[in-house]
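Shown next, in structure tokens, is the structure this report addresses.
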Amino acid sequence: MIWIYLLILIALSAAAFVGGRELARRRAIGAKPHSRPGQHGAYALIWVAAPALLVLILASVFSAPLQRQLTAVGTPDAVAALEHFRRDAFFADAHRVGRGEPALQIWERPLAEHLPVEARRMVRIERTLSWGGGIAAILAAILGGLFALTQIKPQTRARNRVEGWVYGALFVCSAIAVLTTLGIIASLAFDSFRFFQKVPILDFLFGTQWSPQIAIRADQVGSSGAFGAVPLFAGTLLIMVIAMCVAAPIGLFSAIYLSEYASRTTRAVIKPLLEILAGVPTVVYGFFAALTVGPLLRVFFNEIGLFLIGGPLDGLGQYLALVQNQMALTAGAVMGIMLIPFVSSLSDDILNAVPQSLRDGSFAMGATKSETVKRVLLPAALPGIAGALLLAVSRAIGETMIVTMAAGLAANLTFNPLDTVTTVTVQIVTLLTGDQEFNSAKTLSAFGLGLTLFLVTLVLNIIAHRIVQTYREQYD
């Protein structure tokens with residue numbers, strides 16, 4: 001039904017634009033108009049579309065609670081006597097029956113008799129609210145259009161008014177983005193404060209044991225060091241470093257080749273193929289890591305271990321021979337492959353944005369292409385390349401699926417890439433999955449991890465911003 005109303009509003013808006021433009025042309029004969037006819041048409045279109053869309057949004061927001069209120073007014077006594085959750089289930093089944101679907105539950109005789117009656121009543125209420133919202137939106141569009149047509153005169157500043165509407169729309173979008181960010185921060189800060197009331201912040205930031213599943217009772221929380229997040233930070237840092245060791249050089253060198261050395265034909269073929277990696281879902285990378293890369297690395301390092309010992313497992317050979325499929329090296333290597341398009345594509349665009357005059361000046365001084373790249377292009381493009389690397393770092397820190405499938409869930413405090421580790425984001429997903437008490441320290445610890453991750457990302461952005469400012473002063 002909503003699509004019908006939108007099509008009607010689009011038709012009314014188009015008619016308002018054409019009518020306002022033609023009316024402005026006729027009234028401008030013999031006078032010097034302030035704005036063009038198209039701007040008057042846009043002014044009429046805005047006055048038709050904006051009030052109607054506002055009414056539709058309000059109707060969609062308040063229709064559900066209003067429908068619940070109207071449904072509860074005429075509820076039979078047998079239904080009203082039900083417990084809250086049973087009554088909600090009854091209304092849900094009535095709604096399904098009204099749509100022609102079977103009920104999910106078998107109700108006893110008095111309720112079963114009321115079910116089709118309530119279903120028809122709910123359908124009537126839903127249709128009435130839907131028709132009422134649509135008719136109200138159409139009336140608002142017509143009234144807005146009539147008002148706009150009365151305002152179309154040669155001296156009307158239609159251009160300024162249209163720009164004012166555009167300015168207001170842009171301000172609203174910006175405000176939504178800012179308020180969303182503030183809401184996320186407030187939510188994280190509030191629940192993190194509740195968590196730190198249960199677990200001391202120093203134990204969280206500097207503790208070396210992470211076992212939230214054993215800290216359920218109040219007398220255990222914080223007493224056993226179960227919420228020490230250092231192993232999570234170490235695992236996140238280890239996998240991120242491995243990923244950047246793969247993505248940074250390969251991505252940057254690929255960008256240099258595509259920008260400075262490759263022909264147009266080669267570039268037209270390689271660049272799209274390289275960017276295909278950015279469209280592969282992360283779960284596919286996770287399968288690739290768990291089923292291909294992990295077993296290959298396990299066999300490789302175990303063969304090295306057996307070669308070193310040549311007999312009983314001891315020393316370094318024992319350590320290498322115990323390598324499993326899930327390890328930090330597997331997750332970091334595959335994540336680095338996933339990040340190559342981000343580094344390569346952004347770095348390529350940044351290198352192409354360097355003025356050609358810098359290249360020509362370097363060649364005129366007798367420099368070779370490699371010397372030009374090393375001493376001219378890379379320093380000039382360093383701020384943008386730093387931004388590309390920071391984007392890749394943020395993506396590596398926030399990745400979850402690859403780490404879950406390739407690195408495991410064990411919170412080990414180690415910097416050995418052959419060990420099983422876990423990251424902050426994986427633990428956040430684990431803590432918030434399943435049925436559990438929201439007020440427990442185990443669940444609230446996810447918000448403490450989220451706030452810490454947010455602050456770390458903020459610090460990285462500030463550092464990158466300072467780097468960009470410093471080098472822009474040298475090369476602008």
Q | Steps toward side chain to side chain contact (heavy atoms under 4.5 Å, CB included) verdict (Val426, Thr430) | A | CA-CA 6 Å; Val426 171; Thr430 304; 4.2 Å; yes
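- Side chains of Leu449 and Trp210 form a contact here, defined as non-hydrogen atoms less than 4.5 Å apart.
- Between Trp165 and Val162 the shortest side-chain heavy-atom distance does not fall below 4.5 Å.
- Here CG of Leu451 is found 12.5 Å from CZ of Phe193. Values are rounded to the nearest 0.5 Å.
- Side-chain contact between Ile256 and Leu377: absent, with no pair of heavy atoms (C-beta onward) separated by less than 4.5 Å.
- Taking every heavy atom of both residues into account, Ile239 and Ala331 meet most closely at CD1-CB, 4.2 Å.
- Side-chain N or O atoms of Thr425 include one that pairs as donor or acceptor with a backbone N or O of Glu399 at under 3.5 Å.
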Q: Please step through ring pair (Phe, Tyr, Trp, His ring centres under 6.0 Å) for the pair Phe195 and Phe204, ending with a clear verdict.
A: CA-CA 10 Å; Phe195 169 68; Phe204 173 75; 5.5 Å; yes
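- Surrounding CZ of Phe253 are at most 12 heavy atoms belonging to other residues, nucleotides or ligands under 6.0 Å away.
- Separating the CG atom in Leu389 from the CG atom in Leu252 is a distance of 7.0 Å, to the nearest 0.5 Å.
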(Q) Using side chain to side chain contact (heavy atoms under 4.5 Å, CB included), reason through Leu378 and Ile385 one step at a time and then give a plain yes or no. (A) CA-CA 8 Å; Leu378 289 181; Ile385 294 175; 3.9 Å; yes
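- Checked by atom type and distance alone, the side chain of Ser60 pairs as donor or acceptor with a backbone atom of Ile57 at under 3.5 Å.
- A distance of 5.0 Å separates CZ in Arg359 from CD in Gln356, rounded to the nearest 0.5 Å.
- Thr423 is not listed as a side-chain neighbour of Leu232, based on a closest heavy-atom distance of 4.5 Å or more.
- In the model, Ser254 has no side-chain atom that pairs as donor or acceptor with a side-chain atom of Ser344 under 3.5 Å.
- With hydrogens and angles ignored, the 3.5 Å screen pairs a side-chain donor or acceptor of Asn416 with a backbone N or O of Leu418.
- In plain terms, the two heavy atoms of Thr372 and Ser362 that are nearest each other are OG1-OG, 2.8 Å.
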Q: Show the numbers, then the answer: is there a side chain to side chain contact (heavy atoms under 4.5 Å, CB included) between Tyr285 and Met401?
A: CA-CA 8 Å; Tyr285 283 109; Met401 186 58 65; over 6 Å; no
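- The two atoms that bring Leu238 and Ala328 nearest to each other are CD2-CB, 3.6 Å, heavy atoms only.
- Here the CZ atom belonging to Arg194 is positioned 10.0 Å from the OG1 atom belonging to Thr443, to the nearest 0.5 angstrom.
- The side-chain heavy atoms of Tyr257 and Thr266, taken from C-beta on, include a pair separated by under 4.5 Å.
- Separation of atoms CG (Leu432) and CD (Gln427) is listed at 11.0 Å; rounding is to 0.5 Å.
- Contact of the Asp203 side chain with the Gln209 side chain is not registered, since no non-hydrogen atoms from C-beta on lie closer than 4.5 Å.
- When all heavy atoms are compared, the tightest approach of Ala234 to Thr414 is CB-O, 4.4 Å.
- No side-chain heavy atom of Thr457 sits under 4.5 Å from any side-chain heavy atom of Phe454.
- For the residue pair Thr420 / Gln326, no side-chain donor-acceptor distance below 3.5 Å is found, with atom types taken as modelled.
- Between Asp419 and Met327, every side-chain heavy-atom pair lies at or beyond the 4.5 Å cut-off.
- Between Asp191 atom CG and Ser445 atom OG the span is 11.5 Å, to the nearest 0.5 Å.
- Contact between Ala289 and Pro295 at its shortest, heavy atoms only, is O-CD, 4.3 Å.
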Q.
Pair Arg267, Asp348 - check side chain to side chain contact (heavy atoms under 4.5 Å, CB included), show working.
A. CA-CA 11 Å; Arg267 176 184 173 85; Asp348 177 63; 2.7 Å; yes
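- Across all their heavy atoms, Phe342 and Arg395 have their closest contact at CZ-NH1, 2.8 Å.
- A distance-only check finds a donor-acceptor pair linking the side chain of Ser192 to the backbone of Leu188 [under 3.5 Å].
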